[in-house]
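Remember, it's a predicted structure, so these values are computed and weren't measured experimentally.
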Amino acid sequence: MALPIARRATRVSLPLVGAFMVGAIAYGGLYTFPAISIAFADEFGISRTLAVTPWTMFLLVTALASPLLGRAYDEFADRDLLTASMVLLAAGWLAVYLSRDISLVILAYAVFMALGLQLAFIGTSTAIARRYEGMSGLALGIAYAGPGIGVAVALPVAAGLIATAGWRDTSLVFMASSLIGVVFVWMMTSGPEIVVPGPTPTTPTPTPRALPAPLPDAARDGGPTTSGTKRPTRSGRRYGEPMSAGQTALRAAESSVAARASGLHETSAPGAVSAAHEIPPTGSRDRPRSIRRTVRTRRFWILFAGAAAIGVFDEGVLQAFIPGAVDAGIRAEAAAAALGIQSLAYVAGQVIGGWLSDRFGRRVVGLAAAVMVGGGVVAAIGLVAAQPALAVAGIAVHGLGTGATIAVRSAAFSDVFGGPSFGTIFGLLAVAYPVGGVIAVYIGAALYDATGSYAALVPVVLAAVALWGVSLWVAGPRRVRSVTMLHT
């Protein structure tokens, strides 16, 4: 009896371990850029504005490529694309190692790493959501903790390696870790599909192909039928069929399941984690929306502006903290460790912020998180020269508040735009974050080159915090949606 239980636990847990490690490897190396960019500027003798260009190009390409890469997962096998993501990341780190000027570094981040990271994120999201039907919110929460842990570990390790071995050898270490990530890709995508019973639909829903007739009792536990075959899953697959089979005919049914896991949101900053399994508004699945009509509404553009503001106070602070702290006399290793703590706080903020917003409302919790972000920015950037210890505490508070903000943002988008077209609408809104990030990173670098400090970035970031708060209050959901009420 113990052996079947152990087998079932392993079958359920190993794909999540694989997804966790894929996220940790992909994001861990990439989000060491604040530390490695200092080394780029020193060796190539370039300005801070030029040194951050690889990251701004990375943000732009990820925004532009997301729709096409998402479509690729509807046509090709998960395992193949996820393997390609690890190979692209490894190629990017190799290009960084071989670079003799900043141009090849820009190419590495803008092409290889941008495409590799988005393939990893989209693939993890869709594969886990499809595999764990009925509990995708929880499964994605576990998987999305990987980036936060990965960044928290990678930042201080990278800072130490850069100080001792140099940034080129550090690039080789991350290249090797990306290749090792292929093993975890196969762990995540191998084995039979896991199906968790979901709610019984009240109306029949069409599927790509008819399901077989009811099975005898002997086959209800996944065992063989009298014909020797195994029962199909709710998506139409049969047990024992790998996730990497890449059956295009079944993608429509699977995508409808994944769309219901509206906890899916882009891992646009380290530690992004699924906050909750959000339920779309009552009746939204039965009332088709016009995407074009939605995009034309003032509410959409107000929330788009708010999402761009989040990119400003997230990416702007993330890229400014380590260079500012080093200039203030803090060792690079200590500054990197502090940013690692910020990454862990980010994970906690998403979980806690999502939970609180379910109970007290998106607007109230969102505004409270924005206040935390504002206070953290003032301490982390504005007071780093005068009060280094307070700056370290401030960057942790910033991570907690920003994580909660990301959770509230994604849940609010689901409340307002939830429905059959939510995936497309969310994809359009997701473009706003990297746009805001690019603006903030460039403004911060330009201000640093002009003044020798990031202190002038603080008013810009606080204005972005205020813009997000206003947009959430004006265009966000007005009340708390009770899960109990929705099912009564």
Side-chain angles (χ1 to χ4, degrees), residues 16-39 54-55 58-59 62 82-83 85-97 105 108-109 112-125 142-163 165 167-185 187-188 266-273 314-315 318-319 321-322 332-333 335-348 350 395 399 402-403:
L16 282 179
V17 172
F20 180 97
M21 290 303 300
V22 166
I25 290 170
Y27 279 86
L30 270 171
Y31 273 85
T32 62
F33 185 82
I36 202 170
S37 64
I38 299 176
W55 192 254
F58 164 82
L59 291 174
T62 55
L82 282 164
T83 300
S85 75
M86 294 292 105
V87 173
L88 282 169
L89 288 171
W93 285 115
L94 179 61
V96 170
Y97 171 77
V105 177
Y109 276 86
F112 296 110
M113 294 187 184
L115 297 179
L117 185 73
Q118 282 304 95
L119 278 174
F121 164 66
I122 296 172
T124 301
S125 301
I142 296 171
Y144 283 178
I149 303 299
V151 173
V153 172
L155 268 169
V157 170
L161 284 173
I162 292 169
W167 61 268
R168 295 186 189 277
D169 289 343
T170 304
S171 300
L172 289 180
V173 171
F174 288 132
M175 182 189 75
S177 68
S178 298
L179 293 176
I180 293 172
V182 174
V183 176
F184 294 104
V185 165
M187 181 185 296
M188 185 179 79
E266 81 278 10
T267 328
S268 50
V273 59
D314 192 0
E315 291 290 341
L318 183 70
Q319 298 301 326
F321 177 74
I322 290 182
E333 295 87 343
L339 204 57
I341 295 173
Q342 189 258 15
S343 176
L344 295 177
Y346 195 106
V347 176
Q350 281 208 312
I395 197 65
T402 304

- [ ] Could you point out which residue of Ile38, Val157, Thr170 forms a side-chain contact (heavy atoms from CB on, under 4.5 Å) with Ile162?
- [x]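 For Ile162, the side-chain contact (heavy atoms from CB on, under 4.5 Å) test succeeds with only one of Ile38, Val157, Thr170, which is Thr170.
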
TODO: For residues Phe184 and Phe20, establish whether the separation of their ring centroids is below 6.0 Å.
DONE: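 They do not qualify: ring centres at least 6.0 Å apart.
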
Task: Listed partners of Ser85 passing side chain to side chain donor-acceptor pair (under 3.5 Å), at least two apart - done: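 Residues passing side chain to side chain donor-acceptor pair (under 3.5 Å) with Ser85: none at all.
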
If you compare all heavy atoms of [X] against all heavy atoms of [Y], which two are closest, and at what distance to 0.1 Å?
X	Y	value
Ala39	Trp167	CB-CD1, 3.6 Å
Ala154	Gly29	CB-N, 4.4 Å
Ile25	Gly181	CD1-CA, 3.7 Å
Pro54	Phe33	CB-CE1, 3.9 Å
Pro34	Gln319	CG-OE1, 3.5 Å
Ala336	Ile322	CA-CD1, 3.9 Å

Heavy-atom distance under 4.5 Å between the side chains of [X] and [Y], does that happen here?
X	Y	result
Val22	Met86	yes
Trp93	Leu172	no
Ile395	Ile341	no
Leu82	Leu119	no
Tyr346	Thr402	yes

Euclidean distance, [Y] [atom2] relative to [X] [atom1], rounded to 0.5 Å:
X	Y	atom1	atom2	answer
Thr32	Phe174	OG1	CZ	4.0 Å
Ser343	Leu318	OG	CG	9.0 Å
Leu16	Met187	CG	CE	11.5 Å
Asp169	Leu161	CG	CG	8.5 Å
Leu88	Met113	CG	CE	10.5 Å
Ser171	Ile36	OG	CD1	4.0 Å

Open item on the list: For Leu89 and Phe112: C-alpha separation, side-chain torsions, deciding distance, then whether side chain to side chain contact (heavy atoms under 4.5 Å, CB included) applies.
Closed with: CA-CA 6 Å; Leu89 288 171; Phe112 296 110; over 6 Å; no

Task: With sequence neighbours excluded, residues passing side chain to side chain contact (heavy atoms under 4.5 Å, CB included) with Ala345 - done: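 Checked Ala345 against side chain to side chain contact (heavy atoms under 4.5 Å, CB included); matches are Leu400.
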
TODO: Using ring-ring contact (aromatic ring centres under 6.0 Å, His included) as the criterion, list what pairs up with Phe58, not counting sequence neighbours.
DONE: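 Here the qualifying residues are Trp55.
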
